[in-house]
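Computed from a predicted structure; not experimentally measured.
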Amino acid sequence: EILIEELQQYDKAEPYLWCVLDHCAGCDVNGMCPTAYLSLETTSKCESAVWNYLGFVNRKKATPDYDHAKTYYDKALELWPANCGALSYMQELH
C-alpha cells in the first residue's frame, strides 16, 4: 500500500501484490488476513482488493497496460461486486 499510495512506485508494487494475493486464502482459514486492518476480512474481499490494486498499478505504471487493468478490475468486481474502488477505477478507464 505504501509503494502505491505514498511512493507511487507502481512498477515495483506489482510483484508484491502477486505475493499478497496468495495470502488472502488465510482470511477464511486461520485469520491471517493481509487486509484485515482495512476491515476486509474474507478471502473474496481480500482478493478483490488485491485485484483492484493490480488494476490500478497497471493503469498508472510507466507504460500503462489498460487491457490488463480492465481484466483485473473485472476480476475484483466478480469477487466482490460492491468494491467501490474497482467500480470507480473502471469508470476512469472509459
Engineer: Please list, chain by chain and in numerical order, all residues satisfying side chain to side chain donor-acceptor pair (under 3.5 Å) with T35, sequence neighbours excluded.
Structural biologist: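 Side chain to side chain donor-acceptor pair (under 3.5 Å) check on T35 returns nothing, list empty.
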Engineer: Who pairs with K45 by salt bridge (Lys or Arg N to Asp or Glu O under 4.0 Å), at least two apart in sequence or on another chain?
Structural biologist: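 Partners of K45 by the salt bridge (Lys or Arg N to Asp or Glu O under 4.0 Å) criterion come out as none, since no residue qualifies.
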Engineer: Applying salt bridge (Lys or Arg N to Asp or Glu O under 4.0 Å) as the test, list every pair that has at least one member in residues 14-25; sequence neighbours left out.
Structural biologist: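 Salt bridge (Lys or Arg N to Asp or Glu O under 4.0 Å) check on residues 14-25 returns E14-K61.
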Engineer: Does any non-hydrogen side-chain atom of Y72 lie less than 4.5 Å from one of N52?
Structural biologist: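 With C-beta onward as the side chain, the pair stays apart.
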Engineer: Under the ring pair (Phe, Tyr, Trp, His ring centres under 6.0 Å) test, which residues partner H23, sequence neighbours left out?
Structural biologist: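 With neighbours one apart ignored, the set is empty.
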Engineer: Which residues pass the salt bridge (Lys or Arg N to Asp or Glu O under 4.0 Å) test with E41, not counting sequence neighbours?
Structural biologist: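 Partners of E41 by the salt bridge (Lys or Arg N to Asp or Glu O under 4.0 Å) criterion come out as none, since no residue qualifies.
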Engineer: Hey, does T71 have a side-chain heavy atom less than 4.5 Å from the side chain of W51?
Structural biologist: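 They are not in side-chain contact.
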Engineer: How are the rings of Y89 and F56 set relative to one another: parallel (under 30°), tilted (30 to 60°) or perpendicular (over 60°)?
Structural biologist: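 Correct class here is tilted.
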Engineer: Taking salt bridge (Lys or Arg N to Asp or Glu O under 4.0 Å) as the test, write out the residues that go with D74, two or more places apart.
Structural biologist: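 K70.
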Engineer: Which disulfide (SG to SG under 2.5 Å) pairs, counting each pair once, include a residue from residues 51-94, with sequence neighbours left out?
Structural biologist: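 Pairs touching residues 51-94 that pass the test: none.
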Engineer: So which pairs with a foot in residues 75-86 pass salt bridge (Lys or Arg N to Asp or Glu O under 4.0 Å), sequence neighbours left out?
Structural biologist: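 Residue pairs with at least one partner in residues 75-86: K75-E78.
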Engineer: Please collect all disulfide (SG to SG under 2.5 Å) contacts where either partner lies in residues 37-72, sequence neighbours excluded, each pair once.
Structural biologist: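 Sorted pair list: C24-C46.
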Engineer: Could you tell me which residues satisfy side chain to side chain donor-acceptor pair (under 3.5 Å) with Y73, sequence neighbours excluded, listed by chain and number?
Structural biologist: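 For Y73, the residues satisfying side chain to side chain donor-acceptor pair (under 3.5 Å) (neighbours in sequence not counted) are R59.
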